[in-house]
Number of protein chains: 2
Amino acid sequence: MKRNSRLSLALHTLSHMAGEPDRMQTSADIADHAGTNPVVVRRVLGKLREAGLLTSEKGHAGGWRLARKPQDISLADVYLALDERLVASDEISDAPACSVEHALQKRVSGVLEEIEQSLVQKLGETSISEVRGA
Amino acid sequence: MKRNSRLSLALHTLSHMAGEPDRMQTSADIADHAGTNPVVVRRVLGKLREAGLLTSEKGHAGGWRLARKPQDISLADVYLALDERLVASDEISDAPACSVEHALQKRVSGVLEEIEQSLVQKLGETSISEVRGA
DNA sequence: ATACACGTAACTTTTGCAGTTGCATTAGTC
DNA sequence: GACTAATGCAACTGCAAAAGTTACGTGTAT
């Protein structure tokens, strides 16, 4: 796998689940389909569960299922659940030290913040149920 | 240094150069100011030279200088010169294999492409000479 | 009791990038 | 011409983030 693999994995999995929302899927099934590892799947889907997009059940016949109707889960929900910040960087780089650098950071991070917002907004316009046929 | 360090380095350096466009600076000077290594500086500035933003001269009293007036170099010029693609990914991931994945990629990469465009557009609104005082 | 699935921690492997070293090339200066 | 100071470039090292892997504890249906 490559960069953005967590997001890819999450979106791919949820899009599939949108197809048959009532079917319970195990992390092994999902990993198999996505060509990765059950533990990686659980790590990623765990964040989606924290965000209330999925539920998981332990034990025999356990697995993963959508927590809401597919129409009510947007691509932005998934993106935000993983707090990836594809564009902007959360980290406040320590002590600019140089006034030019300071001014620059202010300017650039402003732009990036706007872009980040508009990315989320655009992703919010599509639900995982819309992706399938498209 | 951290993520996006190439872009940071490039922008920081050019912003300084915008202050005294006629002064020739060596990669050692620049590296010193930026807290990094001359070779790294040459690597990054080399791309800016390829893009026509800078010129370099070898030999005694050589170094780096802006190739154009500071007002004519936008942040987008710098960004594009490094072909970083902060948002979108150039790589066409091989053989979707699964129709849902295919549809998803199409949708998501479409959004990312739009966002990338608008990032460039926004960066294009500021020149390196405007950053200093701001 | 057993089998199955998640939850999680610890470790290994991979990968991208900064950092580093070394050397050839070029261009002024003596 | 010899010397010095700069870029250009290739090859290697070091490091950190993320995926992948292994192992084991916990919960649950049969």
Side-chain angles (χ1 to χ4, degrees), chain A residues 1-13 17 23-67 81-86 89-91 93-94, chain B residues 1-13 17 23-67 81-86 89-91 93-94:
Chain A
M1 284 225 158
K2 63 203 75 169
R3 194 185 159 220
N4 287 13
S5 60
R6 286 193 300 259
L7 182 57
S8 297
L9 174 59
L11 289 174
H12 185 187
T13 302
M17 286 177 157
R23 179 172 161 217
M24 189 75 106
Q25 298 201 61
T26 69
S27 57
D29 294 341
I30 295 165
D32 194 48
H33 178 80
T36 181
N37 188 289
V39 176
V40 174
V41 170
R42 292 201 285 264
R43 281 207 277 250
V44 172
L45 298 195
K47 303 212 101 180
L48 302 185
R49 183 191 51 221
E50 288 172 24
L53 307 183
L54 287 176
T55 58
S56 67
E57 284 172 30
K58 293 181 174 183
H60 196 111
W64 301 82
R65 199 198 310 261
L66 294 182
L82 299 177
D83 48 271
E84 297 260 296
R85 307 275 291 168
L86 225 52
S89 57
D90 347 64
E91 39 192 327
S93 52
D94 37 37
Chain B
M1 286 225 154
K2 61 202 74 166
R3 193 185 159 221
N4 288 13
S5 60
R6 285 193 299 258
L7 182 57
S8 297
L9 174 58
L11 289 173
H12 185 186
T13 303
M17 285 178 159
R23 179 171 161 219
M24 188 76 108
Q25 298 201 60
T26 70
S27 57
D29 294 341
I30 296 166
D32 195 49
H33 179 80
T36 181
N37 189 289
V39 177
V40 174
V41 170
R42 291 201 285 264
R43 281 207 277 250
V44 172
L45 298 195
K47 303 210 102 180
L48 302 185
R49 183 191 49 221
E50 289 172 23
L53 307 183
L54 288 176
T55 58
S56 67
E57 283 172 31
K58 293 182 174 182
H60 197 109
W64 301 81
R65 201 199 308 263
L66 294 181
L82 298 177
D83 48 271
E84 297 261 296
R85 308 274 292 167
L86 225 53
S89 57
D90 348 63
E91 40 190 327
S93 52
D94 38 37

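Scope of the values below: all heavy atoms of this structure, side chains included, with no hydrogens, waters or symmetry mates. None of these values were measured; they are calculated from a predicted model.
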Trace of the side-chain contact (heavy atoms from CB on, under 4.5 Å) decision for L7(B) with V44(B): CA-CA 8 Å; L7(B) 182 57; V44(B) 172; over 6 Å; no

Respond yes when some side-chain nitrogen or oxygen of S56(B) is under 4.0 Å from OP1 or OP2 of dT7(D), and no when none is. no

For N37(B), side chain to side chain contact (heavy atoms under 4.5 Å, CB included) partners two or more places apart: V39(B), V40(B)

Test side-chain contact (heavy atoms from CB on, under 4.5 Å) on T13(B) and V41(B); report intermediate values, then the result. CA-CA 9 Å; T13(B) 303; V41(B) 170; 5.8 Å; no

In whole angstroms, the gap separating P of dC4(C) from CD of Q25(A) amounts to 18 Å

What's touching nucleotides 12-15 of chain D from the protein side, N or O pairs under 3.5 Å?
none

If you compare every side-chain N and O of T26(A) against the phosphate oxygens of dA5(C) (OP1, OP2), does one of them come in below 4.0 Å? no

Expected rows: protein N/O vs nucleotides 24-30 of chain C N/O, under 3.5 Å:
{"unit_1": "dT26(C)", "atom_1": "O2", "unit_2": "G59(B)", "atom_2": "N", "d": "3.3"}

Just the rounded figure in Å: distance from P of dG8(D) to CG of L48(B). 12 Å

Would one find a side-chain N or O of T36(B) under 4.0 angstrom from OP1 or OP2 of dA18(C)? no

N or O in side chain of R42(B) less than 4.0 angstrom from dT7(D) OP1/OP2: yes

Whole-Å gap separating C1' (dT8(C)) and CD (E50(A)): 13 Å

Side-chain heavy-atom pair M17(A), Q25(A) within 4.5 angstrom cut-off: yes

Output all residues satisfying salt bridge (charged side-chain N to carboxylate O under 4.0 Å, His left out) with R49(A), sequence neighbours left out; order by chain, then residue number. none

Contact under 4.0 Å: N37(B) side-chain N or O vs dA18(C) OP1/OP2: no

Starting from P on dC4(C), measure out to CE on M24(A) and report it in whole angstrom. 16 Å

With respect to the side chain of W64(B), which nucleotide from dT7(D), dG19(C), dC17(C) is positioned closest? dT7(D)

Sequence neighbours left out, what passes side chain to side chain contact (heavy atoms under 4.5 Å, CB included) with H33(B)? Give chain and number order. C98(A), H12(B), H16(B)

Distance in angstrom units between K47(B) NZ and dG8(D) P, rounded: 14 Å

S27(B): what forms a side-chain hydrogen bond (donor to acceptor under 3.5 Å, both in side chains) with it, not counting sequence neighbours? R42(B)

So, using salt bridge (charged side-chain N to carboxylate O under 4.0 Å, His left out) as the criterion, who are the partners of K47(A) when residues are at least two apart? D83(A)

Check the distance between dG8(D)'s C1' and L54(B)'s CG and give it to me in whole angstrom. 15 Å

Mind checking what makes side chain to side chain contact (heavy atoms under 4.5 Å, CB included) contact with A51(B), not counting sequence neighbours? L53(B), A81(B)

Side chain of V40(B) only, heavy atoms from C-beta on: which candidate in dA19(D), dC6(C), dA18(C) is closest? dA18(C)

dC17(C) C1' sits how many Å from L7(B) CG, rounded? 15 Å

Under-4.0 Å side-chain N/O to phosphate OP1/OP2 contact, R49(A) with dC6(C): no

Whichever of V39(A) and G62(A) has its nearest DNA chain C nucleotide further upstream toward 5': G62(A)

Who pairs with R23(B) by salt bridge (charged side-chain N to carboxylate O under 4.0 Å, His left out), at least two apart in sequence or on another chain? E20(B)

